[in-house]
Number of protein chains: 2
Amino acid sequence: MFTQTVEYALRAMICLASNPAPGQTVEQISRATQVPAAYLGKVLQQLVKQQLVTSRRGAGGGFSLALPPDQISLLRVVQAVDPIQRITTCPLGLEAHGVRLCPLHKRVDNALADMERAFSQSTLAEILAEPSDSIPLCNFPRGTPAPCSSPQPR
Amino acid sequence: MFTQTVEYALRAMICLASNPAPGQTVEQISRATQVPAAYLGKVLQQLVKQQLVTSRRGAGGGFSLALPPDQISLLRVVQAVDPIQRITTCPLGLEAHGVRLCPLHKRVDNALADMERAFSQSTLAEILAEPSDSIPLCNFPRGTPAPCSSPQPR
DNA sequence: GATGAATCGGACTCTTGTGTCCGATTAATT
DNA sequence: AATTAATCGGACACAAGAGTCCGATTCATC
């Protein structure tokens, strides 16, 4: 249903949002999100190009959010890497349908619209603030000693 | 978002449902749905295997619905050819998450659940019965002389 | 200025979805 | 029995998604 890339992008954005210090490297994000580093680089590029993320090259460089986490909806992330294509005209190209979709495509498009709405309604900030035993990307329940953002030795 | 195959399968099922006479051939369905005949054959095979469609080989053969149209939901068609994969366990394999999804994956899975629900609620029969100017697969507004199920010369 | 750490971009590989083609099989008709 | 109309299955071709690799570039630090 969703591409790997969308899943990866969401993880990366959550990772960036969960650590206030700017400039996480691909390596760091890769470790936290368990996304293959080389591919993660590509995904981050797309996010940079869509201006959801900023990057700095060279030593001390890395990636940061381009906006505060409460201003980035899941939808924006999804649209940045693999846009939800709404059905605007009849896929069969039937003239009689045109913009007035038939009942079949109307339903499919409505489902897509619901999806958009759902994703537009939650932001990175909201997700991180939500009280839950499971903290995104973190393999420790809330309140245990080792926080997920602590550097892990390799 | 949805694969071509899902779109094709839905069209084919609507086509079968819209014509009560059993045994439409790949050629006929292909013409009505504008799906490449050779590929449509593959898609129909999947629907046969999932027991939504029956087939008869040889002269006079073709495809028919295996169930009355009011007992076939869009969801069943979707699940037959490209199942919506719900998120049941943490995609990162984090033990602390397990079945208790984190807020991020919870939201994604909720969206998938909404999708399932939406598609489970409409049937082929309902779609065909819906009053609308646009009749599925048919390039003529309701009430015009040439019905979509009439045989087309080539 | 040299070194090292990092992103950036392009080229490549691998897998999967989409689509074609054809021979084998099945069944109705003549 | 021969012919014809149809599904069925496998092999192949092409394109796009997923993932790897490496050289070029940028920038901080020594």
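Below, read A as the first sequence line, B as the second, and so on, with proteins coming before strands; counting in each chain starts at 1.
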For [X] and [N], what is the distance between atoms [atom1] and [atom2] respectively, to the nearest whole Å?
{"X": "B:Leu44", "N": "D:dT7", "atom1": "CG", "atom2": "P", "result": "8 Å"}
{"X": "A:Gln46", "N": "C:dC8", "atom1": "CD", "atom2": "P", "result": "13 Å"}
{"X": "A:Gln85", "N": "D:dA16", "atom1": "CD", "atom2": "P", "result": "14 Å"}
{"X": "A:Leu40", "N": "C:dC8", "atom1": "CG", "atom2": "C1'", "result": "14 Å"}
{"X": "A:Tyr8", "N": "D:dG17", "atom1": "OH", "atom2": "P", "result": "15 Å"}
{"X": "B:Gln4", "N": "D:dG17", "atom1": "CD", "atom2": "P", "result": "12 Å"}

Beyond-backbone contact of B:Val35 with B:Ile29, side-chain heavy atoms, under 4.5 angstrom: no
Below 4.5 Å, heavy atoms only, C-beta onward: do A:Pro136 and A:Ile127 meet side chain to side chain? yes
Anything under 3.5 Å between a donor and an acceptor, one on a side chain of residues 41-67 of chain B, the other on a protein residue two or more places apart or in another chain? List them.
residue, atom, partner, partner atom, Å
B:Ser64, OG, B:Gly23, N, 2.9

Quick check on side chain to side chain contact (heavy atoms under 4.5 Å, CB included): which of B:Thr123, B:Leu124, B:Val6 does B:Leu74 satisfy it with?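 For B:Leu74, the side chain to side chain contact (heavy atoms under 4.5 Å, CB included) check succeeds only for B:Leu124.
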For DNA chain D, whose closest nucleotide is more 5', that of B:Val26 or that of B:Lys42?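 Nearer the 5' end of the strand: B:Val26.
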Both A:Phe2 and A:Arg56 contact DNA chain D. Which one's nearest nucleotide lies toward the 5' end?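 Going by which nucleotide is closer to the 5' end, it is A:Phe2.
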Do A:Asp82 and A:Thr5 have side-chain N/O donor and acceptor atoms under 3.5 Å apart?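 Note: A:Asp82 and A:Thr5 side chains miss the donor-acceptor criterion.
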Any donor-acceptor N/O pair under 3.5 Å between D:dT26 base and A:Arg57 side chain: no
Given that A:Val48 and A:Ala59 both sit by DNA chain C, which one's nearest nucleotide is further toward the 5' end?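 It is A:Ala59, whose closest nucleotide lies nearer the 5' terminus.
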On DNA chain C, check which nucleotide each of A:Gly60 and A:Gln45 is closest to and give me the residue with the more 5' one.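 By nearest-heavy-atom nucleotide position, the 5'-most residue is A:Gly60.
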Taking the basic N atoms (NZ, or NE/NH1/NH2) and the acidic carboxylate oxygens, is any pair closer than 4.0 Å for B:Glu116 and B:Arg86?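 Answer for the salt bridge query: yes.
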Bend of the helix from C:dG1-D:dC30 to C:dT30-D:dA1 from end-axis comparison, five pairs per end, nearest 10°, comes to 10°
